[in-house]
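Below is one structure, written out as structure tokens; comments come after it.
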Amino acid sequence: MPELDKTYSPAEVEARIYQRWLDDKCFEADPARVSDKRPAYSIVIPPPNVTGVLHMGHVLNNTIQDILARRARMMGKEVLWLPGTDHAGLATQNVVEKTLKKEGRIKHRDDLGREGLIAKIWEWKDKHGDIIIEQLKRLGASCDWSRQRFTFDDDYNRCVMSVFVDLYKKGLIYRGKRMVNWCPSSLTALSDEEVVMKPQNAVMYHFKVQVVEEPDTWLTIATTRPEVIPGDTAIAVNPKDERYAHLIGKHVRRPLPVENQALLPIVGDEHVDFTFGTGVLKVTPAHDKADFEIAQRHSLPVIDVMHPNGVLNELAGQDLGGMERFAARKRAAELLAEIGSLVKEEPYQNNLGYSERADVPIESRLSEQWFLKYPSVKESQDVVAKGEMKFHPDRWAKVYDHWLSGIQDWCISRQLWWGHRIPVWTKTIMGTHAEVNQLCIELVFDTEKQTSEQEIDSIGISINGTRFDDAAVMPYLDKDESNEIKEFTIQVCTANSRYEANLNKNGFTQDPDVLDTWFSSWLWPFATMGWTGDKEKDSLNPTLKAFYPTTDLVTGPDIIFFWVARMIMAGFEWMGELPFKNVYFTGIIRDKQGRKMSKSLGNSPDPLDLIARYSADALRFGIMRGAPLGQDVLFDEKNVELGRNFCTKLWNAARFRQMQGGSSETEINPALLSSDDKWILLRLNTAISEVTTALEDYRFSDAAAALYRFFWSEYCDWYIEASKAVLQGGDEKRKANTLAVIDFVLGHTLRLFHPFLPFITEELWNGMGFNADMPGDQGGRSIMTAPWPKPLDADELAHFGILPEDEKTANDKYETVVLGRGLKSTFNINKKVRFVLKPVQELPAHEIEVIRILLNAEPLDIAPDFSPTRGTPSALTPLGTIYLPLDGLIDVEAERARVGKEVAKAEAELEKVTSKLADENFTSKVPQKVLDEHQQRKTDWEEKLAKLREMLTALG
RNA sequence: GCGGCGUUAGCUCAGUGGUAGAGCGGCUGCUUUACACGCAGUUGGUCGGGAGUUCGAAUCUCUCACGCCGCACCA
């Protein structure tokens, strides 16, 4: 076996090992291998944006998924971790458009046109779309890359279309003129979830208007948006408001535009809060959601005074028309002042909706959009409420439930080009009913080939807003047989290419809008597995059969509504069951100061840079150690450094083992086990249990901490040091046995670490020859498939002759060493020095040698009758009193001070426990167990105090 | 405004009724042949404030304060 390099070279190792895993197809899932004995484990990646680059959030999220996937493999499961990317409509279109503009290739997207721009974006995708995928590989992600999906792949597109048609036919999708959140920068509608409220320093403008019927009465109105006054169509007051109720039905003159001061009615509406402002509300139906509702209740006209891009239009009048909305606001206030209407303006703090992505204030805007009534809401709500699907941490279940209880229809259309185009064609014709009937029949049946039932099923038609459940029988349902010529608007929804051709031929035009990106991502868990929507085909799909529903989903809580909730609904709606059994919500990565990581703050480190400087393993371990369940992660590069240091420690510990020579992994002879051997085997047992349960509970940082503690503080600091007593001795049999224990522990440790540190563990697993005796598919080829460690069971412990109290034997020894080292340090001794131990009972020679080595004592004398010189530093240990004889170097005063401190401490502790035990209130009420504990404690302190006082006396 | 989470050593966090802990940092010493990305030692906390329950509270209850995150939102 070649010797391990003196220093570990992660860059070389990580690249080589990852390539080997790929070449050996280690990550590829095969549904045919799934059986009762080999259950499936699956997880779908939250698809990153194709234009994205790896950030710390991805590192956290994907490291967790990789840990889950790798452990599942080691547990003998058939694992599918399905990767892919998201086309991310708005974000991607923005990126490409911006780049083209920057390069001076276009001024506006219209320069390219729809087809041209889409072609450019595909070019971009082909060139840059896999950047993030390659970065995930650097991190060590064990995804089945052969199944990589993209939400805009042809197959995926078919899923989106078929789902749309299905929902259309179910009557859940409709087109409607509604108030929507409009982004004047991106020029598209947004869903409620894409709007974030931000506090604003605004100005409240108060202006007065005269009641036409009562010239002496003036009303003052407060508004933050004077620029939309030209769009006012009424004034509203609360009918219960005594100040104004009598004015209802009368009129005021609208101040703007100056050339068109229209008369506005005063209406009574309960919505008006008469405690707010002046209690008089101006109603601007085209630019405010609540106002629009008032307008509907009172049949008020709607005047839209703004272009989609936020510039006021001609209806705003000659002064404001053509002005940008914020400039127009200032101008409107000036105009009010000029005509003497402005009463006052004062600073005012309010909350304003912003487009999450473009970061500009959104406009409430009346427009025609496609909406979806959410499907399978009840099932989705119940499955989490009843705990059939678990959220970790579970408090997110409440958030989820709350959102589902109050959801509004989802605005799914976007005025973009990059996305799944809405599969709806419309045509308006003048004709008789019979002619419309005939046209519809031709649309459905008039194709060259015979129309199958399935195809008829793939089309939905509505005429003049009335939707028909079954397109095939639709024409016959309508009994209107008059020959009157009317206008008919025919809307056809289909994803069938034969119909599409037919529609185009017949002069139908397709809706220009595309679907919200999330309308494709909500199908991710099954659309990525080759789902078609055809029940028969899907039931024969081995991937779906084996891996759906998936086991775990790992994502951020920020997309619980955008993505998680909707995926659950989609799962129920099309697969008839939940899409995943567990959802793990990661924390949000923040910097050391607790600020969210952002590009503008520049506080987000580049993971690739961290990998280059510290290794992927180090990054993974560092971030997992600092990521407690349910809390945000305060990222500090120190953690990555700690990860790197840990990997180095692991490497060196392995090198130490290798330098001892001997054949690897021989049988352990129970008769030759020392107390140290038994101790480390027991500690290993504890570590295995702790790590296993922590991972079962998704407590990754606890698992990492347990591993760190075990390997560094227990195995390296104590066991390896203690084992040097044997390894540097002359007993070859004992030496071989110690090496066998070391190999046993190392082999288990590497496996425990593998999910966290995939690269270095693989390198050492093979480099140290741990793979040698394993079957090929169980660790022989790769540690990836080595079995997950189990603690020694009762039989095995019995076989090794290990009893629980064996831990104490070694612990007593180590405590003795710590106390001895303390003496050395107190007296500033940093060379080998003589120690004397006055033991309470006889000690085996081997134990003495271990203590000697750990203490770096030269020599360690065991002297039951030792009588120290006056002032000799000493310490009470579980094994007896240990002395540090310092001939001629004794500082009696220093030693007295030191022992005096200990006496004081013992006295204080004794006092505490004694007074407790003297309190009848205490002794009469506490359980026996607690009482015994306290009594024992009292005895211990008494003994210790007595001995310490003796020592003090001995000092004179 | 409603809801959630948090407040423990300088920093990041464990600890959920019975002797306050870890890692990092700080300080001191150490070229001990696996490792200075290391070893050894050591410093450091009236557990956010107050009240209550209890023999006993970091832990349970109430209350206040502060911080973060959702949701709602009125011109």
Side-chain angles (χ1 to χ4, degrees), chain A residues 4 6-8 197 204-205 221-225 236 271-284 288 290-291 348 350-353 393 395-396 398-399 402-403 406 557-558 560-561 587-588 590 592 594 596 614 618 625-628 630-636 638-639 641-660 699 701-702 705 708-709 712-713 716-717 720-721 724 728 817-818 821-826 828-832 853-856 909 912-913 916 919-927 929-931 933-934 937 940-941:
Chain A
L4 295 174
K6 185 151 187 342
T7 53
Y8 177 55
M197 302 304 282
M204 184 70 90
Y205 301 91
I221 303 172
T223 181
T224 53
R225 303 204 61 190
H271 170 260
V272 181
D273 176 357
F274 46 81
T275 63
F276 187 89
T278 59
V280 185
L281 175 69
K282 68 187 201 63
V283 182
T284 324
D288 184 281
D291 288 5
Y348 180 71
N350 64 347
N351 280 330
L352 198 57
R395 66 187 150 87
W396 292 110
K398 264 189 205 164
V399 176
H402 181 246
W403 182 76
D558 46 336
I560 186 168
F561 311 138
I588 291 169
R590 299 173 178 281
K592 307 194 251 201
K596 231 171 169 167
Y614 296 104
R625 261 221 48 177
Q631 260 160 266
D632 287 352
V633 184
L634 265 58
F635 180 78
D636 185 343
K638 278 272 171 211
N639 289 329
E641 206 179 304
L642 176 126
R644 190 241 354 232
N645 294 353
F646 188 81
C647 290
T648 307
K649 188 77 178 174
L650 189 57
W651 186 259
N652 282 312
R655 245 168 34 87
F656 172 79
R657 159 65 190 94
Q658 212 181 35
M659 287 165 72
Q660 305 307 315
R699 289 179 289 113
S701 65
D702 290 347
Y708 186 95
R709 188 213 62 228
W712 200 309
S713 308
C716 289
D717 286 353
I720 287 295
E721 294 306 320
K724 284 178 182 171
Q728 290 167 8
V817 170
V818 167
R821 284 171 178 168
L823 286 180
K824 241 171 117 173
S825 157
T826 309
N828 263 325
I829 313 292
N830 45 42
K831 285 182 205 146
K832 287 197 172 181
I853 289 203
L854 290 172
L855 259 182
N856 203 15
E909 290 293 339
K912 246 182 9 192
V913 71
K916 259 192 175 178
D919 186 352
E920 205 186 314
N921 237 341
F922 177 77
T923 50
S924 61
K925 285 177 186 165
V926 298
K929 188 174 154 255
V930 175
L931 199 60
E933 267 171 28
H934 278 74
R937 207 149 74 212
D940 290 350
W941 281 117

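Predicted model, so just to flag it, every value in this text is computed and none were measured. Below, chains carry the letters A, B, ... as their sequence lines are ordered, and counting in each starts from 1.
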Handout entry: Pairwise P distance for B:U16 and B:A58, with rounding to whole Å
Key = 14 Å
Exercise for the section: Using both distances under 3.5 Å as the test, list the Watson-Crick or G-U wobble partner of B:A9, or none. Expected result: none
Exercise for the section: With heavy atoms under 4.0 Å as the rule, sort A:I221 into base, sugar-phosphate or nothing. Expected result: nothing
Practice task
Would you indicate which nucleotide in B:C5, B:C35, B:G38 comes nearest to any side-chain atom of A:R395?
Solution key: B:C5
Practice task
Rounded to whole angstrom, note down the C1' distance from B:G17 over to B:U54.
Solution key: 9 Å
Exercise for the section: Please determine, for the side chain of A:V272, which listed nucleotide (B:A40, B:A75, B:U19) has the closest atom? Expected result: B:A75
Practice task
Determine the interatomic distance between P on B:U42 and the same-named atom on B:C37; round to the nearest Å.
Solution key: 23 Å
Problem - B:U46 and B:G38, which share atom name C1', separated by this distance in whole Å - result: 38 Å
Practice task
For B:C64 versus B:U7, give the span between their C1' atoms, rounded off to a whole number of Å.
Solution key: 14 Å
Practice task
Could you please name the option among B:G18, B:G4, B:A75 that lies closest to any side-chain atom of A:T223?
Solution key: B:A75
Handout entry: Toward the 5' end of RNA chain B, by each residue's nearest nucleotide, A:N856 or A:K925
Key = A:N856
Practice task
Identify whether any heavy atom of A:K649 sits under 4.0 Å from a base atom; if not, whether one sits that close to sugar-phosphate; answer base, sugar-phosphate or nothing.
Solution key: base
Handout entry: A:A653 side-chain proximity, nearest of B:C24, B:A34, B:U19
Key = B:A34
Completion exercise
In this structure, OG1 of A:T278 is separated from CE of A:M204 (nearest 0.5 Å) by 9.0 Å
Practice task
Please work out if A:R644 contacts a base, only the sugar-phosphate, or nothing of the nucleic acid, heavy-atom cut-off 4.0 Å.
Solution key: base
Exercise for the section: In whole angstrom, give the distance that lies between atom OH of A:Y708 and atom P of B:C13. Expected result: 17 Å
Practice task
Name the orientation class of the two ring planes belonging to A:W403 and A:F561 (parallel below 30°, tilted from 30 to 60°, perpendicular beyond 60°).
Solution key: parallel
Exercise for the section: Assign A:C716 to base, sugar-phosphate, or nothing according to its heavy-atom contacts below 4.0 angstrom with the strands shown. Expected result: base
Problem - Whole-Å distance separating the CZ atom of A:F656 from the C1' atom of B:U32 - result: 13 Å
Practice task
Ignoring the backbone of A:N645, work out which of B:G23, B:C37, B:G41 is nearest its side chain.
Solution key: B:C37
Problem - Among B:C39, B:G4, B:G18, the one nearest A:D717 by side-chain distance - result: B:C39
Handout entry: B:U54 pairs with, by Watson-Crick or G-U criteria that keep both distances under 3.5 Å
Key = none
Fill in the blank from the handout: Pairing partner of B:C47, by Watson-Crick or G-U wobble and under 3.5 Å for both distances, is none
Practice task
Give one of base, sugar-phosphate or nothing for A:V399, where a contact means two heavy atoms less than 4.0 Å apart.
Solution key: sugar-phosphate
Practice task
Classify the nucleic acid contact of A:P927 as base, sugar-phosphate or nothing, counting any heavy atom under 4.0 Å across all strands shown.
Solution key: base
Problem - Sidechain-backbone polar pair: A:H934 side chain, A:V930 backbone, donor-acceptor under 3.5 Å - result: yes
Problem - Nucleotide nearest A:F922 (side chain, heavy atoms from C-beta), chosen from B:G18, B:G4, B:A75 - result: B:G18
Practice task
Kindly say if A:W712 contacts the phosphate of B:C39, meaning a side-chain N or O under 4.0 Å from OP1 or OP2.
Solution key: yes
Practice task
For A:D288, answer base if it contacts any base atom (sugar-phosphate contacts may also be present), sugar-phosphate if it contacts only those atoms, and nothing otherwise; contact means non-hydrogen atoms under 4.0 Å.
Solution key: nothing
Problem - Distance in Å, A:K832 NZ paired with A:K824 NZ, rounded so as to fall on 0.5 Å steps - result: 9.0 Å
Problem - Minimum side-chain heavy-atom gap A:E641-A:K638 below 4.5 Å - result: yes
Problem - Pairwise C1' distance, B:G49 and B:A57 [rounded to whole Å] - result: 16 Å
Exercise for the section: Measure the distance from CD1 on A:I560 to P on B:C71 and round it to the nearest whole Å. Expected result: 10 Å
Exercise for the section: Write down the distance separating the C1' atoms in B:G15 and B:C55, rounded off to the nearest Å. Expected result: 23 Å
Practice task
Assign A:T648 to base, sugar-phosphate, or nothing according to its heavy-atom contacts below 4.0 angstrom with the strands shown.
Solution key: base
Practice task
Can you figure out which of B:U19, B:G4, B:A75 approaches the side chain of A:Y348 most closely?
Solution key: B:A75
Exercise for the section: Identify the nucleotide, in any strand shown, that forms a Watson-Crick or G-U wobble pair with B:U42, with both distances under 3.5 Å; if there is none, say none. Expected result: B:G26
Practice task
Answer with base, sugar-phosphate or nothing: what part of the nucleic acid does A:K6 contact at a heavy-atom distance below 4.0 Å?
Solution key: sugar-phosphate
Problem - Nucleotide paired to B:A20 in any strand shown, Watson-Crick or G-U, under 3.5 Å - result: none
Practice task
Find the distance A:K638:NZ to B:C37:C1' and express it as a whole number of Å.
Solution key: 11 Å
Problem - Nearest-nucleotide pick for A:H271, side chain only, options being B:C71, B:A75, B:A34 - result: B:A75
Fill in the blank from the handout: Partner of A:W651 under ring pair (Phe, Tyr, Trp, His ring centres under 6.0 Å), picked from A:F656, A:Y8, A:F646, is A:Y8
Exercise for the section: Output yes when a side-chain donor or acceptor of A:Q658 lies under 3.5 Å from a complementary backbone atom of A:L4, and no otherwise. Expected result: yes
Exercise for the section: Take the protein atom CH2 of A:W396 and the nucleotide atom C1' of B:C69, then report the distance between them rounded to whole Å. Expected result: 7 Å
Problem - Complementary nucleotide for B:C2 - Watson-Crick or wobble, under 3.5 Å - result: B:G70
Problem - Among B:A34, B:A75, B:U19, the nucleotide that comes nearest once only the side chain of A:R937 is considered - result: B:U19
Fill in the blank from the handout: Rounded to whole Å, the NZ-C1' distance (A:K929 to B:G56) equals 15 Å
Completion exercise
Atom NZ of A:K832 and atom P of B:U31 are separated, to the nearest Å, by 14 Å
Handout entry: Sidechain-backbone polar pair: A:S825 side chain, A:R821 backbone, donor-acceptor under 3.5 Å
Key = no
Handout entry: Strand partner of B:C35, provided both Watson-Crick or wobble distances fall under 3.5 Å
Key = none
Handout entry: RNA chain B: 5'-proximal contact among A:N652 and A:N639 (nearest heavy atom)
Key = A:N639
Exercise for the section: Report which part of the nucleic acid A:E933 touches: base, sugar-phosphate, or nothing (heavy-atom distance under 4.0 Å, all strands). Expected result: sugar-phosphate
Problem - Check: A:R225 and A:D288 side chains under 4.5 Å, non-hydrogen atoms - result: no
Fill in the blank from the handout: Rounded to the nearest 0.5 angstrom, the CG-CZ distance for A:L931 and A:F922 is 6.5 Å
Fill in the blank from the handout: Rounded to whole Å, CG of A:N350 lies from P of B:A72 at a distance of 17 Å
Problem - Distance, C1' atom - from B:G67 to B:U8, rounded to whole angstrom - result: 16 Å
Practice task
Ignoring hydrogens and angles, answer whether the base of B:A34 and the side-chain atoms of A:E721 contain a donor-acceptor pair closer than 3.5 Å.
Solution key: yes
Practice task
For A:M197, report the nucleic acid contact type (base, sugar-phosphate, nothing); a contact means any heavy atom under 4.0 Å.
Solution key: base
